[in-house]
Amino acid sequence: MEPRAGVSKQDIREQIWGYMESQNLADFPRPVHHRIPNFKSKKTLLVPTPRLRTGLFNKITPPPGATKDILRKCATSQGVRNYSVPIGLDSRVLVDLVVVGSVAVSEKGWRIGKGEGYADLEYAMMVSMGAVSKETPVVTIVHDCQVVDIPEELVEEHDITVDYILTPTRVIATGCKRPKPMGITWFKISLEMMEKIPILRSLRAREQQAGKDVTLQGEHQHLPEPGRQQTVPLSVGRRPPDTPGPESNSMEAAPGSPPGEGAPLAADVYVGNLPRDARVSDLKRALRELGSVPLRLTWQGPRRRAFLHYPDSAAAQQAVSCLQGLRLGTDTLRVALARQQRDK
């Protein structure tokens, strides 16, 4: 039951959910669609608070002499409410093993959850509070049918990977070397999520006081102080697969332009004076760090320039202001509205 070529994460989720329902493989609750499929476990766990509404996780403490019925209830959401103690940010707890649910997982350690990002966020929050480190093993427990090939390009920077996969028939050591998230990727966090998760607001305030960049999704960083420049170091390595070759010298048609014309629009931003050895990944990283990610990027590395395409002129003008003084390596980039640059 291998995914077909060119699939998305949601394609893999639907394939797994449909198969498990048709084969009656999962435990309660059913159906498994839009859920992490459940399996019985006889381990004592720290349980994440549902949707992180009231904290990060809880320690389940069954009452003395608990019956089997009560122990079963401890593993439910009602049991978390009735038989658990909340673990606060200052608890100094150290987690020895992380068990994470999955919809699909590959033998290389790539993992796909149900699509809401809570497991990735929970892990990142544990890193931020010092509960886990890069040495803490991450385990997922799945049915054999959930172990599939997952294209590496689907794995994002904030995605948690797994070290061990437990199935009814196998224990798989993935040997995954991809770094796990080293904290919360704030530019992936929306204002709506901040409103729903109070503990996330507390962590953000702590990291902001520590001088970390906590710019949220859709927010823009403050402009650099006069005389200060933004420096983004160049990465070392081979050209990434998304970097166009020398044959891609002509500018792609900007959004809304007639095919083949490529005339700059008011929503296009010109970025010039790129270093000769710069890569498209360097510029993309800088744009993410500054909160100025465009809808589309046209890379013209051999001509030492690129064009950023934004949804409207206001967003483009904001990007121009935000990117002033940006440097790649030792070179300060030239940033202007593309139409103004063409007029010059």
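Below, all heavy atoms of this structure are taken into account, side chains as well, without hydrogens, waters or symmetry copies.
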[X] and [Y]: same hydrophobic cluster, using ILVMFWY side-chain contacts below 4.5 Å?
X      : Y      : value
Val293 : Leu337 : no
Ile184 : Phe187 : no
Tyr118 : Val162 : yes

Can you see which heavy atom on [X] is nearest to which on [Y], and at what distance?
X      : Y      : value
Ala306 : Trp299 : CB-CE3, 4.1 Å
Tyr310 : Ser292 : OH-O, 2.7 Å
Gly113 : Arg13  : O-NE, 2.5 Å
Tyr19  : Leu25  : CE2-CD1, 3.8 Å
Ala316 : Val269 : O-CG2, 3.5 Å
Ala267 : Pro311 : CB-C, 4.3 Å

Donor-acceptor pair, distance only, cut-off 3.5 Å: does the side chain of [X] make one with the backbone of [Y]?
X      : Y      : value
Asp159 : Ile112 : no
Thr167 : Thr169 : yes
Lys9   : Leu154 : yes
Arg201 : Glu195 : yes
Arg276 : Arg304 : no
Gln78  : Lys73  : no

What pairs with Lys180 under salt bridge (Lys or Arg N to Asp or Glu O under 4.0 Å), at least two apart in sequence or on another chain?
->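 Residues passing salt bridge (Lys or Arg N to Asp or Glu O under 4.0 Å) with Lys180: Asp163.
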Trace of the side-chain contact (heavy atoms from CB on, under 4.5 Å) decision for Leu200 with Leu121 = CA-CA 9 Å; Leu200 199 56; Leu121 182 57; 4.0 Å; yes
Taking the side chain as C-beta and beyond, is there a heavy-atom pair between [X] and [Y] under 4.5 Å?
X      : Y      : answer
Gln217 : Ile189 : no
Leu297 : Leu287 : yes
Pro37  : His143 : no
Asp144 : Pro168 : yes
Leu323 : Leu333 : no
Arg35  : Pro29  : yes
Trp186 : Met194 : yes

Step by step, work out the side-chain contact (heavy atoms from CB on, under 4.5 Å) result for Ile16 and Val148.
-> CA-CA 9 Å; Ile16 295 292; Val148 298; 4.2 Å; yes
Report the distance from atom [atom1] of [X] to atom [atom2] of [Y], rounding to the nearest 0.5 Å.
X      : Y      : atom1 : atom2 : value
Met125 : Ser202 : CE    : OG    : 8.5 Å
His309 : Asp268 : NE2   : CG    : 5.5 Å
Arg305 : Leu283 : CZ    : CG    : 14.0 Å
Ile165 : Ile141 : CD1   : CD1   : 12.0 Å
Asp120 : His158 : CG    : NE2   : 5.5 Å
Tyr123 : Thr136 : OH    : OG1   : 6.0 Å

For Thr161 and Thr174, run side-chain contact (heavy atoms from CB on, under 4.5 Å): C-alpha distance rounded to whole Å, both residues' side-chain angles, the deciding distance at 0.1 Å, then the answer.
-> CA-CA 9 Å; Thr161 56; Thr174 67; over 6 Å; no
Lys188/Glu156 ion pair, N-O < 4.0 Å =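 Yes, charged N to carboxylate O under 4.0 Å.
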Would you be so kind as to tabulate the donor-acceptor pairs closer than 3.5 Å made by side chains of residues 94-108, with sequence neighbours excluded?
unit_1, atom_1, unit_2, atom_2, d
Ser102, OG, Arg111, NE, 3.4
Ser102, OG, Thr140, OG1, 2.7
Ser106, OG, Lys108, N, 3.3
Ser106, OG, Trp110, N, 3.3
Glu107, OE2, Arg170, NH1, 3.0

Give a yes-or-no answer on whether the side chains of Gln10 and Ser8 include a donor-acceptor pair shorter than 3.5 Å.
->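 Side chains of Gln10 and Ser8: no pair found under 3.5 Å.
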Looking just at side-chain N and O atoms, do Asp69 and Thr67 make a donor-acceptor pair shorter than 3.5 Å?
->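 Absent: no donor and acceptor within the cut-off.
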Passes side-chain contact (heavy atoms from CB on, under 4.5 Å), Lys114 versus His33? Steps please.
-> CA-CA 8 Å; Lys114 61 184 177 182; His33 289 82; over 6 Å; no
Glu192 atom CD, neighbour heavy-atom count above 12 within 6.0 Å |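 Atom CD in Glu192 is not packed in, count stays at 12 or less.
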Could you check Arg206, Arg204, Glu207 and say which one makes a side chain to side chain donor-acceptor pair (under 3.5 Å) with Ser128?
->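 Per the side chain to side chain donor-acceptor pair (under 3.5 Å) rule, the option paired with Ser128 is Glu207, out of Arg206, Arg204, Glu207.
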